[in-house]
Amino acid sequence: MEKKQSKQTFKVCFCFTRRFKFRTAEPPNDVKELFKRYSDSGTIMTVDGLLLFLNEVQGETNVSKEDAQNILNTQFNIFQRNKGFHLDAFFKYLLGDLNLPHVPKVHQDMTAPLAHYFLFTGHNSYLTGNQLSSDSSTVPIINALKRGVKVIELDLWPNSKKDDVEVRHGGTLTSPVKLLECLSAIREHAFDASEFPVVITFEDHLPPILQAKVAKMVTDKLGDMLYCPQSEYMIEFPSPDSLRKRIMISTKPPEIREHKRIKERQSSKDSVYEENLETKKRVMQKENEPGDEDDEDDDEDDEGEDNVSGYKQLIAIHAGKPKGELNKWLADPIKVRRLSLSEQELENATKNHGTEIVRFTQRNLLRIYPKGMRLDSSNYDPMLGWMHGAQMVAFNMQGHGKYLWIMEGMFKANGGCGYVKKPDFLLNVDEYSKVFNRQDKLQVQTTLKVMVYMGEGWHHDFRRTHFDQFSPPDFFARVGIHGVPEDTTMKKTKAIEDQWVPVWNEEFEFPLTVPQLAMLRIEVKEFDTTGNHDFGGQTCLPVSELRTGIRAVPLHDRKGQKYKSVRLLMRFQFV
């Protein structure tokens, strides 16, 4: 590996100098032993030796000799291709981008109905910051699509003149952005991450005349990308594969009968109507607290069928929010639809309706959204939604923190395409009742062994005094599982003092009852005696997609951006 200076110096109070030896990254003993085993006379690992290593240690049984040769070709220039790996080159390969811990391409079956997948879902996708006073913009929409988000939420409101449509968070101080600008951004960037479909969920607060205007905007701007089903309702959702490079609209269909009923009331029962309207406004105001999704129409007018028919034809996924008894909403309908629940509503519902929710999500879509009190754009634990088959666990992508890291980890799976196939047990309610009955003791299905060898790259990506003013950093690693409650745990290594290249050589074991939903959480921190440890990097990886063997694990910053150089060398085994 590249060598920096052999010593580092730090000034202390301008009075004296502290000097520290700089440790370069060296292969761990396990790597040296493996190189010796698979090389000729312990000096050169040829293509045959590399192929054996990939098969026997890395578990890559489908790799061919040609694949191994391609690794050598990529690692070296044309004049070195046939010479094979020496130890340092082998170590460099293990720490490189050709040796990542997860499969970097789409590999799951994409021909099942849409309800069989988790979808990377955003909440209030137009906001740049908090839910109360931040700006609305197309920038967060574009950033989300580039990160692989496949469900974009737009809140539609009349502008101040009531003659156009804008996107904003109603009832707050957030600034608006024009709907047409949002549609343009989605059209341009919808398929930056993958060709699989994008869903736009409208939270609609428009009168029918503006719904008609939205219909024209959407049709003109999205054109052939727009997917409109041939029938008003679908018995089964189409597959992601069949919807490549298509955009779908999801919202609550306008109720034409409601328009007619209101018109009748206006002509015969004006006083009663006015009283009911005031009551409705008070209810709507309560339901429209910041962060709530209401999916109801705010205004009604006399335009009726003429204005809403074109708008209604745009809707590919019919949506609704339950009013009344939840078990009636969860009754499996013939025509598939989308149901929306807040995180608190989901938590309450799972106490008595867990199996019904899973049965509903076998054919229908369930969207979970953050509660209205999350004004800082924080997020909630997505695991409860995933455990119950919720496909659209909506997150504030403009935030950061542990739960967003976990969400991003889930959607590293399947090549980062924004769609992850749900585990089979969520598509079979009998298996679900065995696994997720909270009264039953879950059985361990497998045990994940994680070896944390070392880390390197901080001296490239951080200034010398970033972590400590007077010495090199004291790094320690935290490794654990986020999954169902029985599997969730965190463990940590010892802190390595005064080293930019920490060598831990510590192994941890994690028994897993539901490995299909487990996320491997990895954090590195710099030890501080005050307990306020500095952040040194993080990543989350789906356990179901971990590649066994010795792997390079790149770390990311708090916002999820990958560092240029920082990575760990780790080993994964299932026993």
Side-chain angles (χ1 to χ4, degrees), residues 1-12 17-31 88 91-101 400-402 405 408-409 412 450-480 490-506 508 520-541 550-572:
M1 303 296 292
E2 178 186 356
K3 287 191 176 183
K4 300 284 284 184
Q5 70 244 44
S6 59
K7 292 183 179 180
Q8 282 193 319
T9 60
F10 293 82
K11 291 286 186 181
V12 181
T17 300
R18 300 182 72 192
R19 291 184 173 84
F20 297 88
K21 290 184 178 180
F22 185 88
R23 174 190 291 170
T24 57
E26 296 181 357
N29 288 335
D30 282 1
V31 172
D88 286 345
F91 181 43
K92 184 177 180 180
Y93 157 69
L94 290 179
L95 272 171
D97 290 335
L98 295 179
N99 190 40
L100 297 176
H400 58 80
K402 179 179 74 171
W405 302 340
E408 290 171 335
K412 285 186 177 77
V450 178
M451 181 73 175
V452 188
Y453 288 115
M454 56 168 292
E456 69 120 24
W458 287 279
H459 60 290
H460 291 298
D461 293 349
F462 293 87
R463 67 181 187 278
R464 185 170 56 94
T465 56
H466 176 87
F467 296 103
D468 198 314
Q469 189 71 26
F470 306 118
S471 67
D474 308 326
F475 287 126
F476 67 93
R478 299 180 71 236
V479 182
M490 286 296 287
K491 302 177 181 181
K492 66 178 182 179
T493 69
K494 59 184 177 293
I496 305 299
E497 294 184 2
D498 302 330
Q499 290 292 343
W500 283 100
V501 183
V503 177
W504 295 290
N505 287 324
E506 294 190 44
F508 305 101
L520 177 64
R521 288 190 59 216
I522 301 166
E523 285 185 73
V524 173
K525 293 193 173 184
E526 200 271 335
F527 181 81
D528 192 297
T529 54
T530 65
N532 187 23
H533 307 305
D534 291 326
F535 178 82
Q538 61 81 24
T539 194
C540 287
L541 301 168
I550 299 175
R551 301 294 175 181
V553 180
L555 297 188
H556 302 70
D557 64 17
R558 292 182 185 274
K559 293 183 178 181
Q561 297 297 314
K562 187 168 72 171
Y563 291 126
K564 291 181 179 178
S565 307
V566 178
R567 56 194 57 207
L568 305 183
L569 189 68
M570 306 178 71
R571 184 169 185 169
F572 307 112

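- Dense packing is recorded around NZ of K494, with more than 12 heavy atoms of other residues, nucleotides or ligands lying under 6.0 Å away.
- Residue D468 holds its CG atom at 7.5 Å from CG of D498, rounded to the nearest 0.5 Å.
- Aromatic ring centres of W458 and F535: separated by at least 6.0 Å.
- For the atom pair W405 CH2 and T539 OG1, the distance stands at 10.5 Å (nearest 0.5 Å).
- The neighbour count for K491 NZ, taken as heavy atoms of other residues, nucleotides or ligands under 6.0 Å away, is above 12.
- Aromatic rings of H533 and F476 (six-membered ring for Trp) have centroids within the 6.0 Å cut-off, being under it.
- One finds the CD atom of E506 at 11.5 Å from the CE atom of M570 (value rounded to the nearest 0.5 Å).
- Between the CE atom of M490 and the CD1 atom of I522 there is a distance of 9.0 Å, given to the nearest 0.5 Å.
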> Should Y453 and D30 be marked as a side-chain hydrogen bond (donor to acceptor under 3.5 Å, both in side chains) after you check the CA-CA gap, both sets of side-chain angles, and the distance that decides it?
Replying inline: CA-CA 9 Å; Y453 288 115; D30 282 1; 2.7 Å; yes
> For F572 and V553, what are the C-alpha separation, side-chain angles and deciding distance, and is it a side-chain contact (heavy atoms from CB on, under 4.5 Å)?
Replying inline: CA-CA 11 Å; F572 307 112; V553 180; 4.0 Å; yes
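- Within the 6.0 Å centre-distance limit, the rings of F462 and F467 are counted as a close aromatic pair.
- Residues H466 and R464 fail the side-chain proximity criterion, which asks for heavy atoms closer than 4.5 Å.
- Heavy atoms only, all atoms of each residue included: L100 and R551 are closest at O-CD, 3.6 Å.
- In terms of heavy atoms, K562 sits closest to P554 at CD-CB, 3.6 Å.
- Looking at P28 and M454, their side chains come closer than 4.5 Å, going by heavy atoms from C-beta outward.
- Here the closest heavy-atom approach between residue C540 and residue K412 is recorded as O-NZ, 3.3 Å.
- In this structure, R463 and W500 approach most closely via the heavy-atom pair O-CH2, 3.7 Å.
- Between V501 and G455 the shortest heavy-atom distance is CG1-O, 3.4 Å.
- Note that CG of N532 is 10.5 Å distant from CD of E526, once rounded to the nearest 0.5 Å.
- One distance of note links NZ of K492 with CH2 of W504; it measures 13.0 Å at 0.5 Å rounding.
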>> Assess the residue pair T530 and D528 against the criterion (side-chain hydrogen bond (donor to acceptor under 3.5 Å, both in side chains)); give the C-alpha distance rounded to whole Å, side-chain angles, the decisive distance to 0.1 Å, and a yes or no.
In response: CA-CA 5 Å; T530 65; D528 192 297; 2.7 Å; yes
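- Counting only heavy atoms from C-beta outward, the side chains of R521 and L541 never approach each other to under 4.5 Å.
- Taking 4.5 Å as the limit, every side-chain heavy atom of I496 sits out of range of all side-chain heavy atoms of F527.
- Taking every heavy atom of both residues into account, R571 and I550 meet most closely at CD-CG1, 3.9 Å.
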>> Test salt bridge (Lys or Arg N to Asp or Glu O under 4.0 Å) on R567 and E456; report intermediate values, then the result.
In response: CA-CA 6 Å; R567 56 194 57 207; E456 69 120 24; 5.6 Å; no
